[in-house]
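Here the structure comes first, spelled out in structure tokens, and everything after it is commentary.
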Amino acid sequence: MTRTFDTINPANGTKIATHSYLDDAELETRIQACHDAFRQWRLESHEARAKVIKAIGKGLRDRKDELAALMTQEMGKLLSQSKQEVELCAAICDYTAETGPDILATEDRDIQSGSRGRVVHAPIGIVYGIQPWNFPAYQVVRYSIANLMAGNGVLLKHASNVAGSGQLLEEIYADAGLPAGLFSALIISHDQSDTVIDHDLVRGVTLTGSPAAGRDIAAKAGKALKKTVMELGSNDAYIVLSDADVEKAAQICTMGRVYNNGETCVAAKRFVVADAVYDDFRDAFVKAMKAVTPGDPTSEDAKIGPMARKDLRDDLHEQVEQSVAKGAEVLCGGEMPDGEGYFYPATILANVQPGQPAYDDELFGPVASLIRAKDDEDAMRIANDSKFGLGGGIISRDVKRAQELAEVEFDTGMVFINGFGLATPNMPFGGVKNSGYGREHGGFGMLEFTNAKAVLIMAE
């Protein structure tokens, strides 16, 4: 009997579509087809691969409205932000196609008198990606395009609530000229996913998800001696230094907290503010967050859409309640709304201290943790007082000083100065500590799953 599940629109709770799981025989066929396609794709020149990658970018732009509408329907982000996501994906394709041939080019090296060496960045085979729902297109494009450019085959297990987006991406890739089977969006169970990880033809595994999921998947891949890249959660700190323009800082921090309905791994989550400007910033921040009005994510009037699933909203609200029980103070929001859809108000918690979920853990939704620091030095200490280390921000009028703090003191993979950012195709993306390891973008992702093969010519 075929197993199925429904995707649900989080804005109103209505059914979108019914999807069927692959059976084990179909899964094996998909894996073998991906490997067979890889065996030919790996022989294509870098330039030939780049041409197809460029065409995928064009295909994404050509079908932007269709893909954006589906993403908004499946996970609830504002339609305007879904369109921005598709544009970012297309830009990643363009960057990869333009720079890939140089990044992946074979290198000549002198090794000793009379001998020479060649370093070949050879593809390794199938790379399996397990991806979340919060950026239904970007999460897939981020790892798949780099690996296709490198010459690998790619399998995808997308989150079930955005299964339609995964299927549409497979169609766009194929229509752009990618060989049949080389990229495959698998609708499979967790048990079947473990089978893929352990499969002899799968050579690498990448996950975007929670630290708990990262530990589980990395352990399973490690047992099978598979290379992994882990992009995990975080509770990114945005530091407001004592010289900051508090009105500007409040606008930056509001956007950083509620963008994508607050469901972003690299979102601004903890707001660490120097005592000299704390009161003024708090007042401006509360005013700005109160103006974030929820609504139909397809409407231009809405400032924030629903959370992606009911259980996610329930979990977030429980974290808020636990934090309040341990001493946090609600400055705005914090109440579970009535009505249809999985909406949650833009919320600020103050008096946030260690031991509260709002301080220690990741709040994956539109809830901000406001923390008072004694001074700028103390703010930097608090920012680094975290088990996570994906991103962070510094807001200051002294850009030179902020840059120095970012480069020397901030213990994260990314730092944004005087603004909120997500990802840039030509800059590395990834974290440290419990936020994972490995890098994507900036050319780094193209090399993560290649074999840096040494070829030594000892005599001519």
Atom [atom1] of [X] and atom [atom2] of [Y]: how far apart are they, to the nearest 0.5 Å?
X	Y	atom1	atom2	value
I126	R203	CD1	CZ	10.0 Å
R270	C253	CZ	SG	13.0 Å
S369	E362	OG	CD	11.0 Å
D6	T4	CG	OG1	6.5 Å
I31	Y128	CD1	OH	8.5 Å
L182	S144	CG	OG	10.0 Å

Look at atom [atom1] of [X] and say whether more than 12 heavy atoms of other residues, nucleotides or ligands are closer to it than 6.0 Å.
X	atom1	result
K433	NZ	yes
E300	CD	no
D311	CG	yes
E44	CD	yes

Is there a donor-acceptor contact under 3.5 Å from the side chain of [X] to the main chain of [Y]?
X	Y	value
Q251	K248	no
N134	E263	yes
D108	R118	no
K54	R49	no
K77	I304	no
N434	P211	no
E409	M380	no
R116	E460	no
N260	G262	no
R30	G181	no

Is a donor from one side chain sitting under 3.5 angstrom from an acceptor on the other, for [X] and [Y]?
X	Y	answer
T208	Y143	no
H121	E107	yes
N161	T7	no
E74	N9	no
S396	D398	no
D36	Q32	yes
S189	D191	no
T450	K453	no
T424	N426	no
Q139	H158	no
D385	Y359	yes

Flag the pair [X] and [Y] as a salt bridge only when some basic side-chain nitrogen lies within less than 4.0 angstrom of an acidic carboxylate oxygen.
X	Y	value
K387	D361	yes
R63	E66	yes
K220	D198	no
K58	D175	no

Next on the checklist: Under the criterion ring pair (Phe, Tyr, Trp, His ring centres under 6.0 Å), I'd like the reasoning laid out for F5 against Y21: C-alpha separation, chi angles, the key distance, then a yes or no.
Outcome noted: CA-CA 8 Å; F5 62 91; Y21 288 103; 5.1 Å; yes

Item to check | Name of the residue among T72, D62, L169 meeting side chain to side chain contact (heavy atoms under 4.5 Å, CB included) with L67 | outcome: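 Only one of T72, D62, L169 forms a side chain to side chain contact (heavy atoms under 4.5 Å, CB included) with L67, namely L169.
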
Next on the checklist: Out of the candidates K227, E440, R142, E448, only one should pair with T206 under the side chain to side chain contact (heavy atoms under 4.5 Å, CB included) rule; please name it.
Outcome noted: E440

Checklist entry - Do I239 and F410 pass the side-chain contact (heavy atoms from CB on, under 4.5 Å) test, and can you show the C-alpha distance, the side-chain angles, and the key distance before you say yes or no? => result CA-CA 10 Å; I239 303 172; F410 226 140; 3.9 Å; yes

Check the angle between the aromatic planes of [X] and [Y] and answer parallel, tilted or perpendicular using the 30° and 60° thresholds.
X	Y	answer
Y238	F416	parallel
Y138	F135	perpendicular
F364	W133	perpendicular

Item to check | Verdict with reasoning, L156 to S184, per side-chain contact (heavy atoms from CB on, under 4.5 Å) | outcome: CA-CA 6 Å; L156 164 68; S184 188; over 6 Å; no

Item to check | Criterion side-chain hydrogen bond (donor to acceptor under 3.5 Å, both in side chains) on E171 and Q167, from CA distance to verdict | outcome: CA-CA 6 Å; E171 182 181 316; Q167 299 300 300; over 6 Å; no

Next on the checklist: For a quick test of reading the model, state the closest non-hydrogen atom pair linking M414 to V266 and the distance between them.
Outcome noted: CE-CG2, 3.7 Å

Checklist entry - For Q131 and K157, what are the C-alpha separation, side-chain angles and deciding distance, and is it a side-chain contact (heavy atoms from CB on, under 4.5 Å)? => result CA-CA 6 Å; Q131 300 301 321; K157 181 187 184 301; over 6 Å; no

